[in-house]
Every structure is written in structure tokens, then in C-alpha cells.
Number of protein chains: 2
Amino acid sequence: MTNDPLHMITYSDQVRVLVAVDCIIFGFDGDQLQILLIKRGFQPAKDQWSLMGGFVGKKETLDGAAERILFELTGLKDVYLEQLSAYGSPERDPIERTVSVAYFALIDINTYKTQISDRYHAEWFLINEAPSLIFDHNNMVEEAKKRIRYKAALHPILFELMPTKFTIPQLQNLYEQVYNAKIDNRNFIRKVNSTDLLIKLTEKDKSSSKRGAFYYTLDKNKYKAKFQSFLNFIPNPENLIS
Amino acid sequence: MTNDPLHMITYSDQVRVLVAVDCIIFGFDGDQLQILLIKRGFQPAKDQWSLMGGFVGKKETLDGAAERILFELTGLKDVYLEQLSAYGSPERDPIERTVSVAYFALIDINTYKTQISDRYHAEWFLINEAPSLIFDHNNMVEEAKKRIRYKAALHPILFELMPTKFTIPQLQNLYEQVYNAKIDNRNFIRKVNSTDLLIKLTEKDKSSSKRGAFYYTLDKNKYKAKFQSFLNFIPNPENLIS
DNA sequence: AAATTAAACGTCAAATTAACGATTATTAAT
DNA sequence: ATTAATAATCGTTAATTTGACGTTTAATTT
């Protein structure tokens, strides 16, 4: 048995495989939840839609590779990035066996640098209108959505998607898109306010109503401090997840 | 830039690396929460304690490799096994770059087949008395503990560690070890009963008290059906999850 | 000035929670 | 028969959280 650690002195008789990183990049523009995809410009699966990915470099960590790939596509650094899972089915890449470590990112689309991404033929898609993807990328996206729903029910990660200035109706809109559910407006405001995470600004956004909605910013310190708290924004999330 | 997907036709100029799986195996014998470790019989790090691991075979999935390794060490199949995370720091293995995908397993120690494990010099350690491990295995174990604490606060995964027949005091004991905290006995019983997951047997365990505690078994169907429910066994888990 | 729109605030009864106190049951040891 | 020891049950409380709804407010459009 070649995989038996007891009888191995070196690793010489083991298979080496490619290791890649794929990023599921979620974005919000204050209105719609979107996902960033690229059209592959090379074989295999040329001209098909795909997640942004790449191989892990010689001296790179997995997190480092994910950060690099995200930066190459969006021009952004210091973005919320979390490892989703590793995918390693032997047939997942038809050219050569490749283990892929998937990461998901949450970004504010307004900070996205479009000029950098042009060379990758990147495009934003509404979360419910995204095309079918190559290999097992559809599965990765599904699992990423599930993870976000799970996590956002308990922790304030969706704030990572919001613009620096945002309104509470915008925030509620995002939650409604993530959970595909209508949320009671009065209860939502109460919960958001009770977290004490937001700082109310004097300025208003008048684009969506006559009265206008106050802008808020995130109190970053409180956000970091309370991130692990179980906020329970979403009542009975188990009814909505998956 | 060699990692640029745009200018690649094949994958030929990419680095191939070893991919391994490491298993954090938690066990409970009805009394103590333990972890199963092996003493490495080969270089590097010969005679040091380590997680049970192995390389992913040519035609194996990651999950498949984890199942195989778990079976080799414990003789067990159909055990709770969940991917924890992938670890890929370039220096994590001194011999050659190896990306490791860590899995954690939860087993009932009573079903553990000791004769199979003998060849690996495996040993159970109390969770708080485990020795220091090779490479980044200490870190993996810490993250696995964290994950279990997180998950067990919301879902009934700790039942996976229980013997077929167990008592409520045993169950409470396990929760107290996992969270390193004293749990109110009256509230705990009330919550456990309200989940409706347990079937009370007529037999009693008299080993730990004069009166004896009733044995229970898990109602597997209800367990599966309610696994995703948020049970809230642990009040304010954020104070306990580090 | 009235109408319109959605934002923001308020109310309430029901349910759930954690933190306790007290009691009863069972059986081995004395 | 009494004591000791743990298991199990029952009950109480105040505080908090819940969901469901009604009402008011602010600013723009007409």
C-alpha cells in the first residue's frame, strides 16, 4: 500500500497534483446582490463562464493566493475573504487533476476598480440570473450562498457588502435578497438599532423616496468587537437555510 | 506572470504539490473527551506525536481519503466526518510542499477497534492533556475544537460521540468538557427533553450512583430531521467560544 | 395646500430565557 | 432502619425577546 505512512521514508512515490484557488465574489451596489464571473479566454472550456481562479504559486499560502486573485480581478485589498471548502474530486478538471480551495469574498461594488478587471472579461450578474459555470463551480457557488445565509443569520457579515454610507432600507433590501424573503420593516429596524453597530449621519439619501432615508456608517470598532456575537437578525433561520 | 490564466494554454508550467488529509479524531468513552494521536514511525519528525494522515490517492476524492485514513486507524466506517479546512503554508512540511485538508471525526470510543490501530502506535489522550504535535497539527486541533464548540452550541453533533446507550448525566458531562463550563442541570434536562431526540430505556446505569441513571438512545430519524435546527443547548455561546 | 410615499417609531401580548429553590426517587452502604 | 449520594422532577421568577401590527413623520410632487 503506497499510502501507508508507516512504510514511507520519503514522499517520493506519491502523486503530485495542481492546487488552485477559486473565488466566489459577491458584490452589492446598494441595490442588487451580484456575483462576479469571468469568461474563460483559454482552453478547456474556452468562452464559458467561470469563477475567477488561479494556481497557487510556489511560495504562496492559500490565503495569499486568494488575496492575489481577488486583487487581480477587482483591484481590491483588505476585503472580507473566507475559505469555503476544498474540492478534490479526481475528475473535476478534465485536463489534469486539480484540487481547488474555494474562497468567498464580500465586496462593495462601488469600490470595485473596473479598469483592472477588463482584461479578464469579468462581468457582474444578478445572483439569481447567473449563467451556468464550468467544472464544479456551480456547486461551489451554491455552497457559498448557503454559507453566507447561515453565517449572516448569526453574525453581521452582510455589512461587508455595504457601501461606506448606506441606508437602513438598503440594508434590509440586501437581507431580503440573501434570504429571498420579505422581512418586517419595523422589527428589522429595531434589531439593527439594538446592535448599536451603526452611526447615524445627518445626510439623507433621497433617491428612493420623497422623504429620504438617513445614511449610516458602520462603527468598525464595535463591529469587530461584536462580530462573534449571535445577533439573530433572522428569526428561525433553519427554515430559510438551504 | 506564470499564474495568469489568460496566457495559459495548458497547465504545464505550474507547480505540482502533494495533497494530504489529516484527521482530528475526537472520541468519548462515556466519561472523558479524548483525541486519538499516532506516534510517527518514520522521518521527518520520527517518534513525535501527530494527527493521523496520509496522501490523497490517484483516484480518491478528499472525503474518500479521509474515510480511508479513519478506517485504517480506527476500523470504523460511517462515522461523522466533516471537512475542517485546507492548510497550505509553503513551509508547513519541511520535506516537501504539501497542502493538507483537515477533517474532524466524532466517534464513540467503545466501537473503536483497537487491534487495527496497534500498528500505528495510536493512543488516546485526554483533550486537555494531549502532547504537542508536529508541523501545524496543533493549530488544526485548536481550530477543530473551536469548530465543534461553535457547531455544538447550535446543532446536536455531540450525540455523535455518545455510546448507543447513554445517560443524561453522561451527556451533560460531555457538554461540560467541550465548553469547559458547568451547566445548570435542571435547565439542561429540560432542554434535552424538549428536543424530543431521545428514547428512554427501562434499563439503568448504576455505575456512577446508587439510584442509577436511565439509559437513553438517540432517535436517529428525529436526529436527522432536526439536525439543522438551532437547538440552543448552550446559552450565550459567544462567551464560551474563543 | 393637498396628496403621496416610504421611513421611522411605538405598542403589546405571548413566548422564551436563565437563574434559582425545593422536592422526590432510588438504592448501596452503614 | 437510617444515612448518603446522585438522578430526576417540579416549580418560580424576572428579564428579555418575539412577532404582529398600528401610527406618525418628513419631504417631495402635484
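Chain letters run A, B, ... following the sequence lines, proteins first, then strands; residues in each count from 1.
At a cut-off of 3.5 angstrom, the base of C/dA6 holds no donor-acceptor pair with the side chain of A/N185. Below the 3.5 angstrom threshold, one finds a donor paired with an acceptor across the side chain of A/R211 and the base of C/dA7. Residue-to-nucleotide contacts include no donor-acceptor pair under 3.5 Å from the side chain of A/R186 to the base of D/dG19.
Between C/dA18 and B/K191, a contact under 4.0 Å exists linking OP1 or OP2 to a side-chain N or O. In terms of phosphate contacts, A/T167 brings no side-chain nitrogen or oxygen within less than 4.0 Å of OP1 or OP2 of C/dA8. At the phosphate of D/dT9, OP1 or OP2 sits under 4.0 Å from a side-chain N or O atom of B/K200.
Taking the side chain of A/K210 as heavy atoms from C-beta on, and the options D/dA8, C/dT5, D/dA4, the nearest nucleotide is C/dT5.
Take the nearest nucleotide of DNA chain D for B/N187 and for B/I168: the residue whose nucleotide is more 5' is B/I168. When each of A/K204 and A/D184 is assigned the nucleotide of DNA chain D with its nearest heavy atom, A/D184 is the one assigned upstream, toward the 5' end.
Separating the CD1 atom of A/I189 from the P atom of D/dG22 is a distance of 17 Å, rounded to the nearest angstrom. In this structure, the CD atom of A/E176 is 13 Å from the C1' atom of C/dA6, given to the nearest Å. A straight line from CZ of A/R190 to C1' of D/dT16 spans 12 Å, rounded to a whole angstrom.
In this structure, the ring of A/H155 has its center less than 6.0 angstrom from the ring center of B/Y150.
Ring pair A/Y179/A/Y175 is parallel by interplanar angle, where below 30° counts as parallel and above 60° as perpendicular.
Salt bridge absent: A/E143 and A/R147 never bring a charged side-chain N and a carboxylate O closer than 4.0 Å.
Here B/S207 pairs with B/D205 under the side-chain hydrogen bond (donor to acceptor under 3.5 Å, both in side chains) rule; sequence neighbours left out.
Using the Watson-Crick or G-U wobble rule with both distances under 3.5 Å, D/dT30 pairs with C/dA1.
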